[in-house]
Amino acid sequence: MNLAIDVHRLRKEFKVQKNREGLKGAVRDLFRREYNQVAAVKDISFQIPQGEICGYIGENGAGKSTTIKMLTGILVPTSGDIRVGGFVPYKEREKFVRNIGVVFGQRSQLWWDIGVIESFQLLKKVYRVPDAEYRSRMDELVERLQLGELLNRPVRKLSLGQRMRCELAASLIHNPEILFLDEPTIGLDIMVKTEIREFLKSMNKRYGTTILLTTHDLQDIEALCSRVIMLDDGRIIYDGGLEELKERWGKGKEVILRFSEPVSLPRLRELTAGLQVDWSLDNELTAKVWIPQQAASVSEVLSRVVGITTIEDIKILETNTDDIVREIYKSGSAEAKKELREEQEVTLHV
Ligand SMILES: Nc1ncnc2c1ncn2[C@@H]1O[C@H](COP(=O)(O)OP(=O)(O)OP(=O)(O)O)[C@@H](O)[C@H]1O
């Protein structure tokens with residue numbers, strides 16, 4: 001397996017100045033500064049194979065940006081090993097940057113006062129992209145990201161969504177193997193978010209571009225990532241498939257059924273006797289059933305009720321990823337949460 005990103009026991013500590021209290025303390029600080037060491041990333045290890053789109057998530061201050069800055073060579077790690085595209089990012093800067101693209105949603109890599117196309121031409125020179133390659137690449141990016149009308153406008157005159165489309169194009173001018181995206185959809189409306197997600201998916205498929213995506217928007221993760229790495233207080237608390245995460249931590253499913261004839265709660269409960277599911281009625285034709293993860297499957301419940309009358313419509317609602325991830329953040333550990341749930345199950349069965 002070819003690895004795009006290979007990280008072993010990566011650590012970053014920052015030296016933070018201590019502020020002593022009061023005026024006396026402030027004066028003493030002027031003469032003799034004291035410092036604390038703060039660990040932002042604490043000995044994390046992970047590997048990302050070429051061509052994967054991986055979500056890198058965590059609450060504010062978890063250490064995501066610090067990791068991305070080390071992976072892109074902006075920060076030097078305190079300890080640990082990193083290889084990105086075969087390079088040690090902070091050592092082999094010039095060769096290394098030709099392999100990667102970076103988009104920081106909150107910061108621009110384009111020159112504010114000049115036309116977008118001029119920024120692109122400058123980046124072409126920085127990355128030493130041959131003319132023919134640049135032309136065919138630009139044709140593709142302009143078409144896919146609908147940049148035609150934006151090319152001659154200065155960046156400061158673009159809307160956020162227009163600027164983000166240009167930022168993406170800028171990060172891909174040199175066809176990098178690995179793309180780092182830090183909050184690429186922040187502040188964008190749903191239409192632009194969707195366009196950007198579709199674009200990223202197609203780039204990944206077409207060129208096998210590896211993407212590491214940092215985001216607070218879990219819809220980005222759902223749309224793009226098969227894998228997610230979850231960070232809390234500088235440590236990895238989950239690294240695995242998104243579906244697995246949902247299966248492991250989802251609490252159950254709610255199924256809404258619309259019947260062709262009136263149904264009663266006692267009848268529904270009687271039909272599903274023995275399954276620990278919970279029925280309620282919205283109106284005489286519409287019933288809701290909550291199926292806890294461990295209690296029964298949707299098909300078991302449906303097979304019991306299917307005979308009573310025709311089912312006109314079925315809607316299955318799963319616990320959404322936002323809820324699952326919020327709960328894991330709250331508990332601080334995916335493992336701790338699992339133990340907690342197992343405990344609850346034991347209590348339930350007693
Ligand atoms: N240059 C720095 N000097 C001191 N501390 C820093 C520095 N950069 C980051 N930190 C601290 O390291 C921790 C991790 O910060 P980081 O920016 O990596 O988090 P994050 O997960 O990207 O958060 P957010 O979602 O808010 O961007 C925080 O406690 C932050 O205050």
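Start at 1 and go down the list; that is how both ligands and their atoms are numbered.
For the pair R137 and Y207, the cation sits on the ring face: its NZ or CZ lies under 6.0 Å from the ring centre, inside 45° of the axis. Relative to the six-membered ring of F120, K124 misses at least one condition, a distance below 6.0 Å or an angle of at most 45° to the axis. Taking the ring centre of Y56 as origin, the terminal cationic atom of K64 falls outside the region bounded by 6.0 Å and 45° from the ring axis.
Taking distance alone, with nitrogen or oxygen atoms compared against 3.5 Å, G61 approaches ligand 1 more closely than that limit. Residue contacts with ligand 1: G63 is placed with a nitrogen or oxygen under 3.5 Å of a nitrogen or oxygen of the ligand (distance criterion only).
In this structure, atom 25 (O) of ligand 1 lies nearest to the protein heavy atom K64 NZ, 2.8 Å. In terms of protein heavy-atom proximity, atom 6 (C) of ligand 1 is closest to F14 CD1, 3.3 Å. The single protein non-hydrogen atom nearest to atom 27 (O) of ligand 1 is S65 OG, 3.6 Å, given as residue, atom name and distance. Closest to atom 12 (O) of ligand 1, if we only count protein heavy atoms, is A40 CB, 3.2 Å. When only non-hydrogen protein atoms are considered, atom 26 (O) of ligand 1 lies nearest to N60 ND2, 2.9 Å.
Take R93 and apply the salt bridge (charged side-chain N to carboxylate O under 4.0 Å, His left out) test, not counting sequence neighbours, and it matches no residue.
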Enumerate, atom names and distances included, each donor-acceptor pair closer than 3.5 Å involving a side-chain atom of residues 177-191, sequence neighbours excluded.
residue, atom, partner, partner atom, Å
E183, OE2, H216, N, 3.2
E183, OE2, H216, NE2, 3.4
T185, OG1, D220, OD1, 3.3
T185, OG1, D220, OD2, 2.6
D189, OD1, M191, N, 3.0
D189, OD1, V192, N, 3.0

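Under the 4.0 Å criterion applied to side-chain N and carboxylate O atoms, D239 and R227 are assigned as salt-bridge partners.
In summary, the side chains of E167 and S108 do present a donor paired with an acceptor at a separation below 3.5 Å, with no hydrogens or angles considered.
Residue A62 has at least one heavy-atom neighbour below 4.0 Å for each of these atoms of ligand 1: 19 (O), 20 (P), 21 (O). Near H216, meaning under 4.0 Å from one of its heavy atoms, ligand 1 places the atoms 25 (O).
A distance-only check finds a donor-acceptor pair linking the side chain of S119 to the backbone of W111 [under 3.5 Å].
In E59, the part holding a heavy atom less than 4.0 Å from any atom of ligand 1 is the backbone.
Taking a distance limit of 4.0 Å, we find that atom 21 (O) of ligand 1 is approached by some protein heavy atom. At a distance under 4.0 Å, a protein heavy atom can be found next to atom 9 (C) of ligand 1.
Within 6.0 Å of CZ on R153 lie more than 12 heavy atoms contributed by other residues, nucleotides or ligands.
Among V38, V16, T66, the residue whose heavy atom sits closest to atom 16 (P) of ligand 1 is T66.
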